[in-house]
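Quick note: residue numbers are just sequence positions, from 1. Fair warning: this is a prediction, and the values are worked out from it, not measured in the lab. Only this structure's heavy atoms are used, side chains among them; waters, hydrogens and symmetry mates stay out.
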Amino acid sequence: MRIHLNAQDHTAPTEDLPRHVLLHDAHGMWPVFLERTGIAADIRTLKSLRFSHSSLAIDAAIAGQGIALATEALVADDLAAGRLCRPLDFAVTDELGFYIVHPRSPRKAEHVRSMRDWLLAQSHGSRYCMSP
């Protein structure tokens, strides 16, 4: 996960992060990020906004409401369009995984198989995907 700001706010030295509003999503990676960057801050005392979905935290960063952590794949278009920027050249490799799951005997097995194959094809070759 990388840190992302809106395109108008390009400066955020690592030591300045606790002065910004941290935009949290359901993954809760800010404590890990701060620890790995060596910032000694109590996350409970920092200005924060919490969102139930990553897309909401990303939208808030685009709107200039704070700094978000996001998977690069989710913000690639916003970075390319200049709506977001990377103020730090530091990334946290997380251990979060996403899995394709379905019932053992789905009602429409051919649809499930097609969806699974499409998802795998979309991510094939991506650094975000490990082969099954």
Can you name the closest pair of heavy atoms from Ala68 and Ala57 and give their distance? CB-O, 3.8 Å
Rounded to the nearest 0.5 Å, what separation is found between the CD atom of Gln65 and the CG atom of Leu23? 7.0 Å
Check each of Asp117, Leu119, Val112 against Met115 using the side-chain contact (heavy atoms from CB on, under 4.5 Å) test, and report the only one that passes. Leu119
Trace of the side-chain contact (heavy atoms from CB on, under 4.5 Å) decision for Lys47 with Leu22: CA-CA 6 Å; Lys47 294 179 283 187; Leu22 305 182; over 6 Å; no
Would you indicate whether the side-chain heavy atoms of Trp118 and Leu120 approach each other to under 4.5 Å? no
Does any part of the side chain of Trp30, heavy atoms only, come nearer than 4.5 Å to the side chain of Ile67, both counted from C-beta? yes
Does some side-chain heavy atom of Leu49 sit less than 4.5 Å from a side-chain heavy atom of Val21? yes
Applying side chain to side chain contact (heavy atoms under 4.5 Å, CB included) to Leu74 and not counting sequence neighbours gives Ser54, Ile58, Thr71
Of all heavy-atom pairs linking Phe51 and Ala60, the shortest is CZ-CB, 3.6 Å
Let me confirm one number: the NE2-CG distance from His24 to Leu69, rounded to the nearest 0.5 Å. 8.5 Å
How long is the gap from CZ on Arg113 to NE2 on His111, to the nearest 0.5 Å? 10.0 Å
Which value, rounded to the nearest 0.5 Å, describes the distance between Asp25 atom CG and Ser52 atom OG? 9.5 Å
Would you say Leu84 ends up clustered with Leu56 if hydrophobic residues are merged whenever their side chains have heavy atoms under 4.5 Å apart, either directly or through other cluster members? no
Taking the side chain from Ser55 and the backbone from His53, do they hold a donor-acceptor pair closer than 3.5 Å? no
